[in-house]
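We count residues from 1, following the sequence as given.
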Amino acid sequence: MKVRCSLQDREVLRMLYPLNFKEHERMQVFLKLISFLANGYLIRLVSNEVLGVVYIRLYLLYATIQILSREPLRKVCLAKHPPEQWPQLVSLIWISIPFSAVLGCSLTLLWVLVLETPDLPHYTAGCVIFAVCAVMELFAEPPHVYLLNKHFVRSPIIVEAVASLLQTLITVAVAHYSSSLVPFIVGAVVYSVLYVMVYWIIYRIKRSKDDLMFYGLSKISVSPEHASLTISFLKQTVLKQVLTMGEDYVMTFLSVVTFAQQGVFSTVSRLAAIVIRVGFKHVEDSYYLFFAQMLRRGLPPDQQGRDALKTCKETLGNLLRFNALFGLVVTVYGLSYARLALLIYGGQSLASSDGPWLLQWHCPYIAVCGINGVSECFYFATMSQMEVENYNLKLLPFSACFLILSVVLSYLFGTVGFILANIGNMAIRIFFSLRYTAQYFGGLDTLYRTLPNIPQLMIIAVCGCTALLSKLVLESTESPLGYLCHIIIGGLSFVLVLLTLWECEDLSFKSFLKSLNPIKMRTKTE
């Protein structure tokens, strides 16, 4: 059934509907591929201990400062607001910079003076520089929010992809001369400088003559409503940060595994995270913006536009189904090809460690991440401040339970225990967000659409068993010919799965897949 939208809703869809693969996604994938290959070469140049310190300890400091400083403000500023509130929002954006500076100083002292110091040179300098980089990138928040509010959704994607690529290439180049923390410190500085500089260049090109981006520098004017909502989202972000990176906090503060084990865990986690970032992250960010612009926060469904409500319901159902199928296929094939993937990517040392076992368990985690990301982006885009506070109260005891579970499972199963705890964490969050979705739309139609049909489940099961049998017979030979035949069998069965999934879908979902757009409209040309 076709969805009819008002002219205003059509204009919103035309301008901000996410990710037109045909025009710019190929460029993004190309840049990500180069970064992926460069990282695979990098892990052959440095030790697992260095990787553990960088990817767990230093990046945890960086991510904590950055996420707590910017995510609450983004959620407030990217919602639908009347034009007269823009000066207050600009002031709110600029407040993130001094907040991040105070937070960065406090956490850096904690990292340097309290936590266990690894036996590596330049650790203290690394903590200071990573914290400074996190604060520096907050200077790009004003143009970032401006570009998204003006519906220039492609620019942030390209900026981050190009900066990440250059960071990785420079890190690899410096790693040939130093195998300590220095290459990663240099790469972090390069990324932050490029990130901020390019954002402001794009802003200068695309800004309108009457914008008020520097309003907040001369007059701080934040409404009590925005301030209260920001504080609510800050509480929520703290709890979500604990749930999202809980295993990193446990490894950092309790030292339950060695730095070398952390290095293997972080390498495999970052490999799995590539699938999450490429497959889910930008889609989730863009559709959060879509839902926030199409629906008014806090208003009940019967007071929303009927056409906009119907469009959002169909879009959410298609997104959930797409991510469910994607995650199911990744899980089935990941069980059979995890070791071979690590052997090709990181060499024998990574493939002979706990890496394959960790990557196999990351595959179902990827599946639940896809469902959780989409369901929560609708949840957070539409719920009122009171609902945000209620959600925070639910997350508080759950966060404590999650941390305890992470510690217990890590002692029982090693680093795999962190993945098991994360899967349970995501499952509970999915339950909360899908229950809200069912109540919002007054039924389970959207949730039922997520489930694969019988022919799809049958072909995935048959091809998954075939790939598993190929692993047991061919990969165990550890010969180039055996590996090649294993890859060919997996490739052929994967094509068969894709063809079957496509043929078993309805026209609405096929149209959605062609452009990730339920209505055939072109995105805005920047």
Side-chain angles (χ1 to χ4, degrees), residues 26 29-48 51 168-169 172 175-176 260-261 263-276 278-279 325-367 414-416 419 456-503:
R26 285 176 292 185
V29 171
F30 175 72
L31 295 174
K32 293 282 188 183
L33 177 62
I34 296 177
S35 296
F36 171 76
L37 296 176
N39 272 313
Y41 181 68
L42 177 64
I43 63 178
R44 300 168 189 261
L45 300 176
V46 297
S47 66
N48 286 332
L51 293 175
T168 303
L169 295 178
V172 171
H176 281 92
Q261 290 175 309
V264 175
F265 177 83
S266 63
T267 301
V268 175
S269 297
R270 289 170 72 86
L271 182 60
I274 291 176
V275 179
I276 296 174
V278 174
L325 292 173
F326 182 88
L328 183 59
V329 172
V330 167
T331 300
V332 168
Y333 279 92
L335 296 175
S336 301
Y337 289 90
R339 182 183 179 278
L340 183 56
L342 291 180
L343 180 65
I344 296 173
Y345 183 66
Q348 186 63 41
S349 62
L350 187 59
S352 60
S353 64
D354 293 336
W357 181 238
L358 290 171
L359 187 57
Q360 286 176 334
W361 277 104
H362 263 98
C363 292
Y365 176 61
I366 290 172
T415 47
V416 172
I419 307 174
Q456 290 174 332
L457 291 175
M458 290 179 62
I459 193 64
I460 291 175
V462 171
C463 290
C465 291
T466 303
L468 190 59
L469 181 63
S470 172
K471 170 184 171 59
L472 297 176
V473 175
L474 298 174
E475 187 184 294
S476 60
T477 63
E478 297 189 359
S479 64
L481 181 60
Y483 291 146
L484 179 61
C485 293
H486 184 42
I487 292 173
I488 292 174
I489 291 174
L492 293 175
S493 64
F494 180 69
V495 171
L496 180 60
V497 167
L498 293 183
L499 291 175
T500 305
L501 294 180
W502 177 263
E503 291 300 324

Handout entry: Residue pair Thr331, Ile366: steps toward the side chain to side chain contact (heavy atoms under 4.5 Å, CB included) verdict
Key = CA-CA 8 Å; Thr331 300; Ile366 290 172; over 6 Å; no
Exercise for the section: May I have the step-by-step check of side chain to side chain contact (heavy atoms under 4.5 Å, CB included) for Glu475 and Tyr337, ending in yes or no? Expected result: CA-CA 9 Å; Glu475 187 184 294; Tyr337 289 90; 5.5 Å; no
Practice task
Could you walk me through whether Tyr483 and Leu343 pass side chain to side chain contact (heavy atoms under 4.5 Å, CB included), step by step?
Solution key: CA-CA 11 Å; Tyr483 291 146; Leu343 180 65; 3.7 Å; yes
Exercise for the section: Verify side chain to side chain contact (heavy atoms under 4.5 Å, CB included) between Val268 and Thr415, making sure each step is shown before the conclusion. Expected result: CA-CA 11 Å; Val268 175; Thr415 47; over 6 Å; no
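Smallest separation of non-hydrogen atoms from Pro356 and Ala338: O-CB, 3.8 Å. For the residue pair Gly346 and Ile43, the shortest heavy atom distance occurs at CA-CD1, 3.6 Å. Shown here for Leu474 and Cys485, the closest heavy-atom pair between the two residues is CD1-CB, 3.7 Å.
At least one donor-acceptor pair closer than 3.5 Å links the side chain of His486 to the backbone N or O of Ser336. In terms of modelled atom types and a separation under 3.5 Å, the side chain of Tyr365 and the main chain of Ile419 share no donor-acceptor contact.
Note that OG of Ser493 is 12.0 Å distant from CD1 of Ile488, once rounded to the nearest 0.5 Å. To the nearest 0.5 Å, atom CZ of residue Arg44 and atom OH of residue Tyr41 are 9.5 Å apart. How far CD1 of Ile487 is from OG of Ser470: 9.5 Å, rounded to the nearest 0.5 Å. Trp361 contributes atom CH2, which lies 14.0 Å from atom CG of Asp354 (distance to the nearest 0.5 angstrom). To the nearest 0.5 Å, atom CD of residue Gln456 and atom OG1 of residue Thr500 are 9.0 Å apart. Taking CD1 from Ile489 and NZ from Lys471, the interatomic distance works out to 13.5 Å, rounded to the nearest 0.5 Å.
Relative ring orientation between Phe494 and Tyr333 is described as perpendicular, the plane-to-plane angle rising above 60° on a 0-90° scale split at 30° and 60°.
Residues Leu271 and Leu342 have side chains in contact (heavy-atom distance under 4.5 Å, counting atoms from C-beta outward). With contacts defined as side-chain heavy-atom distances shorter than 4.5 Å, the pair Val264/Thr267 does not qualify. With a 4.5 Å cut-off on side-chain heavy atoms, Leu468 and Val332 do not count as touching. The closest side-chain heavy-atom distance from Ile460 to Leu501 is below 4.5 Å. Contact of the Ile459 side chain with the Cys463 side chain is registered, since non-hydrogen atoms from C-beta on lie closer than 4.5 Å.
With respect to Phe326, the side-chain contact (heavy atoms from CB on, under 4.5 Å) criterion is satisfied by exactly one of Leu328, Val329, Val330: Val330.
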